[in-house]
Structures are given as structure tokens and as C-alpha cells.
2 protein chains.
Amino acid sequence: MIIEKKKAFNSFSAKKGLRSTRQRDIILDFFLSTHQHISVEELYLKIKAIHPGIGNATVYRTLKLFVEAGLAREVLLHDGQTRYEHIMAGEHHDHLVCTGCNSIIEFENETIEQLQNEIAARHGFMIQSHKMEIYGLCASCRS
Amino acid sequence: MIIEKKKAFNSFSAKKGLRSTRQRDIILDFFLSTHQHISVEELYLKIKAIHPGIGNATVYRTLKLFVEAGLAREVLLHDGQTRYEHIMAGEHHDHLVCTGCNSIIEFENETIEQLQNEIAARHGFMIQSHKMEIYGLCASCRS
DNA sequence: TTATGTGTGAAAATGAATTTCAAAAGCAAG
DNA sequence: CTTGCTTTTGAAATTCATTTTCACACATAA
């Protein structure tokens with residue numbers, strides 16, 4: 001899966017006429033080795049610890065390329081930093097988020113997907129992605 | 001509905017020991033008279049046009065109070081500005097977000113609501129609220 | 001290898017949001 | 001109403017994430 005993502009970025013680079021550079025390789029490696037939503041600063045510090053030469057502007061620039069290439073997605077939390085998460089093939093971003101213990105249950109529902117398509121079509125809207133989060137209390141936090 | 005919100009803010013103020021000031025009244029009036037998701041800067045400019053004395057720090061401060069009071073909610077889009085929207089009783093937060101022009105189309109769909117309830121029940125989850133955002137290109141950005 | 005244009009790092013610039021602080025205003029008690 | 005105490009405010013300064021600038025380094029194709 002890491003190999004596929006690297007290939008995906010390479011073909012994106014080729015298509016866009018971007019050059020392959022040491023920095024982008026490194027940043028991609030580090031990004032792919034993270035889990036959860038990492039902020040640019042966090043990623044930059046991790047990288048800098050091992051590759052001190054790399055500047056934060058490059059990390060910012062490169063993460064935007066990953067978004068363009070379809071490898072990553074911006075996630076906005078409420079902490080004033082932009083975070084990035086991986087885009088997995090066939091993934092849906094439907095979550096039950098427990099406000100008690102912050103646990104997350106993922107789910108998928110074909111009917112909702114279909115309804116989304118209908119709604120979008122009705123508004124002349126072309127869907128790129130979606131996010132659905134249901135907030136509440138999970139079974140163990142209710143008791 | 002505007003009256004109720006004003007009352008709600010008054011009782012919040014009383015409970016918190018906040019003072020009632022001309023500025024907070026004005027900002028609440030302007031906020032309540034807006035639709036969609038307004039950014040602090042936009043609201044500030046609207047207010048300043050009529051009440052030049054009011055500073056933007058006050059607008060920032062006051063909108064945070066509205067959130068605390070349960071009248072408003074922060075909405076993060078991808079344009080680097082924090083926006084605020086009204087919290088309506090029984091409201092749903094379903095949006096088509098155009099990644100081209102950042103415009104937002106609101107919609108409601110009873111079937112999706114029902115499906116959400118079913119999904120939640122299946123996981124022993126008690127729903128408090130939800131958020132659904134569909135990202136893509138609106139009709140005019142597609143052409 | 002060389003020519004050309006892209007990519008990079010460091011530093012400066014930007015811009016939203018927050019903080020500071022002295023002055024103004026609300027509020028309760030007399 | 002006046003006094004005294006506290007909160008609130010506006011303007012300016014500050015902070016901090018992100019973006020831009022620019023000279024230099026590097027990738028790529030001929």
C-alpha cells in the first residue's frame with residue numbers, strides 16, 4: 001500500500017511535469033509512515049530531526065501536492081492548524097464519534113451514498129468526496 | 001425566533017455574570033440578521049459600515065460568546081477564515097460545499113436522517129448531533 | 001556537459017486571531 | 001445621583017500558521 005501510493009505520486013508528478021526530488025521522496029516517506037491526522041508542523045519536526053536541511057516551506061508545499069495527487073486530504077480541527085490524513089482507496093468517511101470517550105466507529109451505508117448522489121444531481125453538483133459524522137454517546141459511555 | 005435568541009443570550013449573560021452592552025446588542029442583531037456562514041471579518045465590515053466605533057476584537061470576542069451561549073457554531077471551510085452559523089432548534093447541518101468557489105448549498109433529507117438513526121441504534125449509539133458535508137463542484141464552477 | 005527551467009531553504013511577508021492596556025461603561029450599594 | 005469596583009472596549013501590538021520571495025541548487029533533456 002505504501003508502494004502503490006509512491007507509484008501514484010510518481011505518475012501524478014509525471015503527468016504534471018513535476019520533478020522528482022530527494023525532499024519530496026523524504027516527505028512522502030514520512031507522511032506515509034504516520035497515522036491519524038498529522039499537522040504540517042508536527043510532520044516538519046519529525047523530518048527535521050533526521051533531515052535537518054529540509055525547510056518547513058517545502059513541507060507545506062509538498063503536502064499540498066499530495067492533496068492534488070489524491071493521496072491526502074486536509075482536515076480542519078479547531079486547534080488552528082491544518083492537518084492532513086491519508087486517503088485510502090474505496091474509503092468512506094462516515095463516523096460515529098463518541099463525545100464521551102472520543103472513540104470512533106466507522107460505518108458504511110450504500111443507501112446514504114445513493115441519496116447523496118441524488119441530492120447532488122438535483123443541485124447540478126459534481127461530488128468529489130464527502131464526510132459524515134454523527135456525534136453522540138457510544139454504548140459504554142451511555143451506561 | 002430572533003426574540004428567543006436574544007432572550008437566550010440574555011439569560012446566558014445573567015448566568016455568567018456578563019454585562020449587557022451596546023456593542024453586544026449590535027453584534028447580536030447583525031449576526032441574527034445574516035444567513036449562511038459569515039466570517040468574522042465579513043460581519044465586522046457590515047457592522048463597521050453603520051457603527052464605525054466598533055472594533056474587530058470585540059466582534060471576535062462576542063462571537064465566541066455566542067458559541068458558548070449555544071447560539072452559534074464555528075464552521076471551518078478551507079479558506080482560512082473561521083465562520084459562524086446559527087444553531088437552529090431541530091436543525092440539520094447538511095451541506096454541499098463547492099471546492100471551486102466555496103459556496104454552500106444547504107439541504108435536508110429525511111431518509112438520510114432515518115438511516116442515521118438506524119445505524120446509530122445498531123451500534124448502541126445515542127445521537128446528539130451530526131454533520132454531513134458533500135464536497136465537489138457546483139453547477140457554475142463545472143462549466 | 002550544458003542550457004533551461006523547476007525546486008529549495010531562509011528569511012520576509014501576510015493575514016487571521018488574540019492579547020494588552022488605558023480609557024470607557026455597566027452595575028450595585030449607599 | 002454619586003461613588004467605587006469590575007467588566008468591556010478600541011486601537012495597537014503581538015502571535016502564530018501559512019505563503020511568498022528570491023538567490024542559489026538541482027533535475028532533466030538535448
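The analysis underlying the following values was restricted to heavy atoms, covering all of them including side chains, and did not include hydrogens, waters or symmetry mates. Note on naming: letters A, B, ... go to the chains in the order of the sequence lines (proteins, then strands), and numbering restarts at 1 for each one.
Pairs passing the side-chain hydrogen bond (donor to acceptor under 3.5 Å, both in side chains) check and including a residue from residues 21-33 of chain B, sequence neighbours excluded, read B/Lys6-B/Asp29.
With a 4.5 Å cut-off between side-chain heavy atoms of Ile, Leu, Val, Met, Phe, Trp and Tyr, the cluster of B/Ile3 takes in none.
In this structure, the CG atom of B/Leu43 is 15 Å from the P atom of C/dA16, given to the nearest Å. Regarding B/Tyr44, its OH atom lies at a distance of 13 Å from the C1' atom of D/dT9, rounded to whole Å. Across the protein-nucleic acid pair, B/Asp79 atom CG and C/dG15 atom C1' stand 12 Å apart, rounded to whole Å. Regarding A/Lys48, its NZ atom lies at a distance of 18 Å from the P atom of C/dT8, rounded to whole Å. In this entry the distance linking CZ of A/Arg24 with P of D/dA27 reads 11 Å, nearest Å. The separation between A/Leu63 atom CG and D/dA17 atom C1' is 14 Å, rounded to whole Å. One interatomic measurement links the two molecules: NE2 of A/His78 to C1' of D/dC16, which rounds to 19 Å at whole-angstrom precision. The distance from atom CG of A/Asp25 to atom C1' of D/dA27 is 12 Å, rounded to the nearest whole Å.
The nearest pair of heavy atoms linking B/Tyr44 to B/Gly55 is CE1-C, 3.6 Å.
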Spell out protein contact along nucleotides 17-30 of chain C as letters: B when the base is contacted, S when just the sugar-phosphate is, - when no protein heavy atom is under 4.0 Å; keep the 5' to 3' order.
-> BBBB----BBS---
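Taking CZ from B/Arg73 and CD1 from B/Ile87, the interatomic distance works out to 4.0 Å, rounded to the nearest 0.5 Å.
A/Ser11 places a side-chain N or O within donor-acceptor distance of the main-chain N or O of A/Ala8, the cut-off being under 3.5 Å.
Of the residues B/Phe30, B/Phe12, B/Tyr84, B/Phe31, the one that meets the ring-ring contact (aromatic ring centres under 6.0 Å, His included) test with B/Phe66 is B/Phe31.
Counting non-hydrogen atoms under 4.0 angstrom, B/Gly17 reaches nothing in the nucleic acid.
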